[in-house]
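Notes follow once the structure below has been shown.
What you see below is based on every heavy atom in this structure, not just the backbone, and it leaves out hydrogens, waters and symmetry mates.
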Amino acid sequence: MYINEAVKQALKQGKAITRTTEKVEFPLIFPTNTVGYCIMYSYNPYKRKGSQHDHFTKMWNPKADDLMANDWIVAEDVYYKKELE
């Protein structure tokens, strides 16, 4: 679906959105109407004690390709569980 459709559903469900056809793992985007705008969650699979952790970044800036893509989905619970492992 297009990003505007995914955002509408995500806001209703209190979930994030992501893209499905990226060659690398696309981060989770939490759309909001707050001063943080869209908050991006990046997962660090190489976490170790003392290494860089996952991180949240406010004010996500999409590329034009992101805005025009039709591969957006609402991230389901499987994404959250995977990210938290």
Side-chain angles (χ1 to χ4, degrees):
M1 73 182 80
Y2 289 97
I3 193 169
N4 63 315
E5 299 165 317
V7 168
K8 285 179 191 175
Q9 287 185 22
L11 287 173
K12 285 181 187 176
Q13 298 174 21
K15 294 186 175 181
I17 61 174
T18 193
R19 291 187 61 190
T20 59
T21 60
E22 284 293 304
K23 291 181 181 170
V24 296
E25 194 169 311
F26 200 79
L28 296 175
I29 308 298
F30 293 88
T32 75
N33 288 313
T34 68
V35 295
Y37 303 101
C38 289
I39 299 168
M40 179 177 69
Y41 170 73
S42 299
Y43 173 67
N44 177 5
Y46 305 106
K47 286 189 287 194
R48 290 187 309 272
K49 190 174 182 177
S51 69
Q52 182 179 359
H53 298 285
D54 302 347
H55 87 226
F56 289 89
T57 305
K58 63 182 181 176
M59 296 186 219
W60 170 65
N61 291 307
K63 298 179 293 187
D65 288 343
D66 294 326
L67 296 173
M68 295 184 297
N70 67 352
D71 62 342
W72 286 95
I73 61 168
V74 175
E76 296 300 325
D77 292 338
V78 66
Y79 283 92
Y80 298 112
K81 288 176 186 169
K82 178 178 153 190
E83 302 299 327
L84 296 174
E85 289 177 348

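- In plain terms, the two heavy atoms of Pro31 and Ala10 that are nearest each other are CG-CB, 4.1 Å.
- Two residues are said to be in side-chain contact when any heavy atoms from C-beta on lie closer than 4.5 Å; Asp66 and Trp72 meet this criterion.
- Taken to the nearest 0.5 Å, the CG atom of Leu11 stands 12.0 Å off from the CZ atom of Phe30.
- Taking all atoms of both residues into account, the shortest heavy-atom contact from Trp60 to Met40 is CD1-SD, 3.7 Å.
- Other residues, nucleotides and ligands contribute at most 12 non-hydrogen atoms within 6.0 Å of the CG atom of Asn33.
- For the atom pair CD of Glu5 and CD1 of Ile73, the computed distance is 13.5 Å after rounding to the nearest 0.5 Å.
- Here the side chains of Thr32 and Ile39 are in contact, with some heavy-atom distance below 4.5 Å.
- Pairing each heavy atom of Tyr2 with each of Met68, the nearest pair is CE2-O, 3.5 Å.
- Listed here is the closest heavy atom pair of Ala6 and Val74: O-CG2, 3.8 Å.
- The side-chain contact (heavy atoms from CB on, under 4.5 Å) test with Ile3 is passed by exactly one of Ile29, Asp71, Ile17: Ile17.
- Between Met59 and Tyr37 the shortest heavy-atom distance is CG-CD1, 3.2 Å.
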